Amino acid sequence: MRGQGRAKRIGAFAGAGALALAWVLVGCDSVMEAMGESLPTGRAEPCPEGGVRLAEGEGNAAMGLRVADFQLVNCGSAAYVLEGYPEIRLLDREDRPLQVDIGHGTNGVTSPAAGGDAPPRRVTLQPGQAATTGLLWRNLVTDSTVPAAEGQVLELVPKPGAPRLTLQLSTPVDLGNTGRLGLSAWSALAR
């Protein structure tokens with residue numbers, strides 16, 4: 001019972017951080033305009049091909065169990081529909097793909113009671129709205145003869161046929177040598 005409470009607190013903390021980041025990414029302009037402030041010039045990058053932008057959210061590294069979330073912000077002018085899981089790939093410091101077993105949900109990294117195994121749902125993002133997906137892994141070294149893997153770059157395809165997005169990670173995915181990563185389905189990010 002005690003572990004379930006901790007998992008809920010970790011999830012709530014990550015959700016609150018993701019909500020704050022989404023507000024910063026998609027809500028600042030309208031707040032500044034409402035306050036009569038002028039928008040800074042030259043700070044906004046153009047919306048990438050495909051109409052969505054990828055951002056790194058909050059993470060948590062409690063007791064070797066790691067979680068990280070990523071937001072997909074609709075910066076285009078039309079609705080953007082997601083369903084299921086993104087396709088992801090981790091690259092090392094030299095942009096080489098890591099050999100990682102990426103599975104849906106917790107993928108055996110931890111028990112399904114920790115969250116992350118929610119079934120996929122259709123998510124429609126209107127311009128300015130965001131969705132989130134999460135990664136789950138353990139930083140363990142179980143075999144001293146196998147080098148530890150560390151993902152420095154995340155490549156993500158939001159849905160089949162969409163352009164690949166690349167994100168340099170501020171916090172690396174330090175897999176140790178477990179080679180296993182859980183991936184959650186897309187979910188709408190509440191604003």
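Just so it is clear, the structure is predicted and the values come from calculations on it, not from any experiment.
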Does the side chain of Leu90 reach to within under 4.5 Å of the side chain of Leu154, using non-hydrogen atoms? yes
Once salt bridge (Lys or Arg N to Asp or Glu O under 4.0 Å) is applied, do any residues pair with Arg96, and if so which ones, sequence neighbours excluded? Asp92, Glu94
Note: Ser184 and Gly134 closest approach over all heavy atoms is OG-N, 2.7 Å
With clusters built from Ile, Leu, Val, Met, Phe, Trp and Tyr whose side-chain heavy atoms come within less than 4.5 Å, directly or transitively, what are the remaining members of the cluster of Leu140, listed by chain and number? none
So, does Trp186 use its side chain to make a donor-acceptor pair with the main chain of Pro158 at under 3.5 Å? yes
What one should report as the nearest heavy-atom pair of Gly50 and Tyr80 is O-CE1, 3.4 Å
Would you mind reporting whether Gln129 and Leu189 have side-chain heavy atoms less than 4.5 Å apart? no
Starting from the C-alpha separation in whole Å, work towards a yes-or-no answer on side-chain contact (heavy atoms from CB on, under 4.5 Å) for Val173 and Leu175. CA-CA 6 Å; Val173 176; Leu175 288 167; 4.0 Å; yes
Looking at Gln71 and Gly57, what are the two nearest heavy atoms and their distance? OE1-CA, 3.5 Å
Linked, directly or transitively: Tyr85 and Val157 (ILVMFWY side chains, under 4.5 Å): no
Which heavy atom of Thr166 sits nearest a heavy atom of Glu155, and at what distance? OG1-CG, 4.0 Å
Members besides Val153 in its Ile/Leu/Val/Met/Phe/Trp/Tyr cluster (side-chain heavy atoms under 4.5 Å): Leu91
So, using side chain to side chain contact (heavy atoms under 4.5 Å, CB included) as the criterion, who are the partners of Leu167 when residues are at least two apart? Leu54, Glu56, Phe70, Leu169
Less than 4.5 Å apart, any side-chain heavy atom of Ser77 and any of Cys47? no
From the list Asp143, Thr142, Thr145, side chain to side chain donor-acceptor pair (under 3.5 Å) partner of Asn177 resolves to Thr142
Close side-chain approach of Leu65 to Val109, heavy-atom, < 4.5 Å: yes
Is it true that Glu87 and Arg164 have a side-chain N and a carboxylate O under 4.0 angstrom from each other? yes
Assess the residue pair Thr133 and Leu183 against the criterion (side-chain contact (heavy atoms from CB on, under 4.5 Å)); give the C-alpha distance rounded to whole Å, side-chain angles, the decisive distance to 0.1 Å, and a yes or no. CA-CA 7 Å; Thr133 186; Leu183 175 68; 3.5 Å; yes
Taking salt bridge (Lys or Arg N to Asp or Glu O under 4.0 Å) as the definition, give me every residue that meets it alongside Glu150, ordered by chain and number, with sequence neighbours left out. Arg93
Contact between Asn107 and Leu136 at the side-chain level, heavy atoms closer than 4.5 Å - yes or no? no
Identify all side-chain donor-acceptor contacts of residues 120-128 below 3.5 Å with residues at least two apart in sequence or on another chain.
none

Give, for atom CG of Leu82 and atom CG of Leu72, the distance between the pair rounded to the nearest 0.5 Å. 6.0 Å
Closest heavy-atom contact between Leu165 and Pro48? CD2-CB, 4.5 Å
If we ignore hydrogens and angles and just use 3.5 Å, is the side chain of Lys159 paired with the main-chain N or O of Pro86 as donor and acceptor? no
Could you tell me if the side chain of Asp69 sits less than 4.5 Å from the side chain of Leu135, heavy atoms only? no
Arg180 side chain to Ile102 backbone, donor-acceptor under 3.5 Å: no
So which heavy atom on Arg89 is nearest to which on Pro97, and how close? NH1-CG, 3.8 Å
